[in-house]
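All residue numbers in this chain count up from 1 along the given sequence.
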Amino acid sequence: MSGSFTKVARSLDALIGGEGCIAAARAQAWLSGNSELELQALAREPVDFYPQSFQDRLHGLLGQVGQQVVAPLTHAAAGATTHKFAAATNREASPISGLGYYRIGEDGRLYVISKSEHYHVPLGHGFPGYRLLEHARRLGIPNATHNNTRGFITRLLEERLVRAANGLGEAHDLAPLLAQSRPRVLNRVLNLETGSLACEAALKMMLARFYRIETVSERPPYAGRTPVILVIGNDDGEIVGNYHGTTILTQTLRGMWPELAAGAERQGLYSIRAVRPNCIEDLEAAFVEAERAPFKLAGFFHEIIMMNYGARRLSEGFLRRAYELCAEHDVPVAVDEIQSCMWYDGFFLFREYGLKPDFVTLGKGFPGGEYPASRLIFSAAYDTMPQFGALVTNGQEELASLAYLVTMEWAAVNGSAIRAMGAQIENGLRELARRFPDRFSGYEGQGHLSALSFHDLPGAQAFARAATAAGYDIGVQTYKPDCPPVALTKLPVIADEALLEAMLGTMHDILAAHCVAVA
């Protein structure tokens with residue numbers, strides 16, 4: 001039954017290996033004078049990742065969603081951020097505590113985190129499985145390392161990410177896969193801190209086929225050609241539909257820094273070409289235009305669910321054709337799974353589509369909000385970066401890697417429940433849209449990544465305000481000039497039927513107060 005999760009209980013030594021735990025316990029005992037036997041016993045202590053008592057407590061609180069449950073925080077710092085962030089801040093809903101799929105705001109009210117705190121807590125707040133991070137700390141496993149001292153947990157994670165990206169089990173010998181250097185074979189991992197840096201690293205590797213990274217670098221294969229980056233635009237073909245991070249170059253891919261991008265194009269440094277979502281005609285034309293000297297397509301960046309453009313879902317047929325053209329013309333593909341990773345059975349949505357990308361950017365979902373930790377999984381065919389070409393000092397944090405492993409372990413065991421619950425969420429929202437056709441134009445997204453499409457922006461905003469007032473954190477995109485009028489949801493993967501029923505019931509009541517439902 002969907003939402004009925006399988007019990008997962010793991011010890012630290014079961015998750016990361018007994019030999020590493022024994023070594024850590026021995027070293028910590030020597031350093032601290034604590035008992036080595038007690039530390040080893042801690043490493044063997046199983047932790048129930050999502051106990052029934054925890055789930056029961058969450059269910060018991062559903063009737064109080066939207067109510068003030070504790071005294072508000074009335075005297076708090078105002079902060080000193082930018083005026084844009086200050087204007088957008090909702091202090092009333094800012095969290096003072098959280099548990100599971102709940103947050104208590106500074107106003108003392110109980111909220112459901114219907115967008116998973118902007119997508120980076122797929123397992124909700126205070127997930128019990130992350131107690132293993134505390135066990136690791138007590139063993140003295142340090143979090144801070146450096147790029148040339150990657151720890152044994154981070155190296156283990158790299159291997160497990162490669163296995164997951166290729167659909168391989170633990171018993172599969174990785175050596176043949178790691179030895180390959182062909183495009184479309186995911187067998188390398190870069191450890192970074194934010195999704196922006198993961199996207200930028202992919203872009204750097206694409207541009208390294210046109211420009212030398214260092215003066216001592218070999219001549220790139222496409223030196224002298226103007227690189228063209230292909231992205232997904234909006235419905236008018238403008239380059240404002242995508243979102244691949246906040247570094248300058250990736251911001252130009254979505255229309256920011258227009259004079260900078262125009263100047264770079266005039267000088268023949270690089271160019272950007274956008275295609276409309278799911279428009280194969282645009283896709284074919286882009287390859288005809290950009291695959292002629294002095295131009296050359298340098299790479300194709302895409303999401304699968306465009307959560308920054310109304311949760312628009314790219315179709316399997318569109319993406320299959322894009323990948324065919326890219327393979328034919330030696331164009332590497334980067335699939336941006338920063339928002340979609342972990343909300344689907346098998347972690348990666350690109351695997352559900354049967355795609356074979358050259359780069360996969362991920363983050364947010366995997367460390368579960370415990371740490372900022374992104375990863376770039378990519379093909380050894382593009383492993384040309386020098387040591388300091390794409391790194392951050394703390395990108396190799398051991399406890400961040402452990403958070404990845406905890407999240408992956410629970411989600412792997414519960415993949416079928418996640419899939420079934422995603423289908424229920426999608427079906428429930430589709431039915432809601434069908435019953436109120438005067439408000440909704442339809443549904444967008446897939447599974448947990450869902451959006452209700454309204455006929456107009458004011459309608460979407462009014463609905464989101466009413467839902468938030470009722471305790472459900474629903475988002476509407478108003479931070480850029482052109483975006484479909486949708487109400488976005490992204491329930492945590494620990495969401496179950498009880499939560500979904502309560503949310504849909506509240507949404508129905510809000511709509512029924514102003515509309516006439518269709519039977």
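- Inspection of the Arg439 and Ser453 side chains reveals no N or O donor paired with an N or O acceptor under 3.5 Å.
- Residue pairs that meet the side-chain hydrogen bond (donor to acceptor under 3.5 Å, both in side chains) test with at least one member in residues 57-81, sequence neighbours left out, are His59-Asp496.
- Heavy atoms of other residues, nucleotides or ligands lying less than 6.0 angstrom from CD of Glu501 number 12 at most.
- The pair Arg155-Glu158 does not meet the salt-bridge criterion, since no charged nitrogen lies less than 4.0 angstrom from a carboxylate oxygen.
- Judged as a ring-ring contact (aromatic ring centres under 6.0 Å, His included), and not counting sequence neighbours, Tyr472 has no contacts.
- A distance of 8.5 Å separates CG of Leu429 from CZ of Phe440, quoted to the nearest 0.5 Å.
- Atom-to-atom distance recorded for Trp343:CH2 and Met307:CE is 9.0 Å, nearest 0.5 angstrom.
- Ala403 and Pro367 get closest at one heavy-atom pair: CB-O, 3.7 Å.
- The side-chain hydrogen bond (donor to acceptor under 3.5 Å, both in side chains) analysis of residues 105-122, with sequence neighbours excluded, yields the pairs Arg103-Glu117, Asp107-Tyr111, Arg109-Tyr111, Lys115-Asp473, Glu117-His125.
- Within the 3.5 Å criterion, the main-chain N or O of Leu499 finds no donor-acceptor partner in the side chain of Tyr101.
- Residues Leu132 and Ser11 form no side-chain contact, since every pair of their non-hydrogen atoms from C-beta on lies 4.5 Å or further apart.
- Without hydrogens or angle criteria, Tyr309 side chain to Asp235 main chain gives a donor-acceptor distance under 3.5 Å.
- Evaluation of the side-chain hydrogen bond (donor to acceptor under 3.5 Å, both in side chains) rule for Arg430 yields Glu426 as partners, not counting sequence neighbours.
- Annotation: the span from Asn191 atom CG to Thr145 atom OG1 amounts to 8.5 Å, rounded to 0.5 Å.
- Not one N or O on the side chain of Thr89 forms a donor-acceptor pair closer than 3.5 Å with the backbone of Arg91.
- Qualifying side-chain hydrogen bond (donor to acceptor under 3.5 Å, both in side chains) partners for Gln52, counting only residues two or more places apart in sequence or in other chains: Asp56.
- Leu488 is not listed as a side-chain neighbour of Val476, based on a closest heavy-atom distance of 4.5 Å or more.
- Put simply, the side chain of Val240 does not reach to within 4.5 Å of the side chain of Arg254, judged on heavy atoms.
- Using a 4.5 Å heavy-atom threshold, the side chains of Pro357 and Leu186 count as touching.
- Counting only heavy atoms from C-beta outward, the side chains of Phe436 and Asp438 approach each other to under 4.5 Å.
- Remark: side-chain polar atoms of Arg163 are paired, donor with acceptor, to backbone N or O of Gly169 under 3.5 angstrom.
- Here the CG-CD distance, from Leu42 to Gln28, works out to 11.0 Å after rounding to the nearest 0.5 Å.
- Taking the six-membered ring for Trp and the full ring otherwise, the centers of Tyr344 and His448 sit at least 6.0 Å from each other.
- The closest side-chain donor-acceptor pair between Glu398 and Asn143, if any, does not fall under 3.5 angstrom.
- Between Met342 and Glu337 the shortest side-chain heavy-atom distance does not fall below 4.5 Å.
- Looking at Asn166, its side chain never comes within 3.5 Å of a backbone N or O of Leu168 through a donor-acceptor pair.
- Applying the salt bridge (charged side-chain N to carboxylate O under 4.0 Å, His left out) test to Glu444 and every residue at least two apart in sequence or in another chain returns Arg312.
- Side chains of Leu504 and Leu500 form a contact here, defined as non-hydrogen atoms less than 4.5 Å apart.
- A donor-acceptor pair is defined here as one N or O able to donate and one able to accept, closer than 3.5 Å; such a pair exists between the side chain of Tyr102 and the backbone of Leu62.
- By the 4.5 Å heavy-atom criterion applied to side chains, Gln55 and Phe5 are counted as neighbours.
- Side-chain N or O atoms of Thr468 include none that pairs as donor or acceptor with a backbone N or O of Arg465 at under 3.5 Å.
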Could you walk me through whether His302 and Val333 pass side chain to side chain contact (heavy atoms under 4.5 Å, CB included), step by step? CA-CA 8 Å; His302 75 93; Val333 181; 3.8 Å; yes
Side-chain atoms of residues 347-355: list all donor-acceptor pairs with protein atoms under 3.5 Å, sequence neighbours left out, distances to 0.1 Å.
unit_1 : atom_1 : unit_2 : atom_2 : d
Arg351 : NH1    : Ala165 : O      : 3.3
Tyr353 : OH     : Arg313 : NH1    : 2.6
Tyr353 : OH     : Leu314 : O      : 2.9

Apply salt bridge (charged side-chain N to carboxylate O under 4.0 Å, His left out) to the pair Arg131 and Glu45, showing each step before the final yes or no. CA-CA 11 Å; Arg131 278 180 50 209; Glu45 179 183 314; 3.4 Å; yes
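- Contacts of Asn278 classified as side-chain hydrogen bond (donor to acceptor under 3.5 Å, both in side chains), with partners at least two apart in sequence or in another chain: Ser315.
- When atom types are taken as modelled, the side chain of Asn242 and the backbone of Leu253 share a donor-acceptor pair closer than 3.5 angstrom.
- Residue Leu362 holds its CG atom at 13.5 Å from CZ of Phe359, rounded to the nearest 0.5 Å.
- Salt-bridge check for Arg375 with Glu193: failed, with every basic side-chain N at 4.0 Å or more from each acidic carboxylate O.
- Here the shortest heavy-atom pairing between Gly415 and Asp345 reads CA-OD1, 3.2 Å.
- For the atom pair OG of Ser441 and NE2 of His455, the computed distance is 6.0 Å after rounding to the nearest 0.5 Å.
- Every residue two or more places apart in sequence or in another chain was checked for a salt bridge (charged side-chain N to carboxylate O under 4.0 Å, His left out) with Lys356, and none qualifies.
- The list of side-chain hydrogen bond (donor to acceptor under 3.5 Å, both in side chains) pairs with a residue in residues 362-373, not counting sequence neighbours, reads Arg137-Tyr371.
- Pairs passing the side-chain hydrogen bond (donor to acceptor under 3.5 Å, both in side chains) check and including a residue from residues 403-415, sequence neighbours excluded, read Arg10-Glu409, Tyr130-Thr407.
- Here the closest non-hydrogen pair linking Leu399 and Ala136 is CD2-CB, 3.6 Å.
- Side-chain polar atoms of Ser450 and Thr489 form no donor-acceptor pair below 3.5 angstrom.
- Within the 3.5 Å criterion, the main-chain N or O of Thr194 finds a donor-acceptor partner in the side chain of Ser374.
- Under the side chain to side chain contact (heavy atoms under 4.5 Å, CB included) test applied with Val189, the options Thr154, Leu376, Leu157, Leu161 reduce to a single match, Leu161.
- Under the salt bridge (charged side-chain N to carboxylate O under 4.0 Å, His left out) criterion, Arg160 pairs with Glu170, not counting sequence neighbours.
- Closest non-hydrogen pair, Leu452 versus Ala433, comes out as CD2-CB, 4.1 Å.
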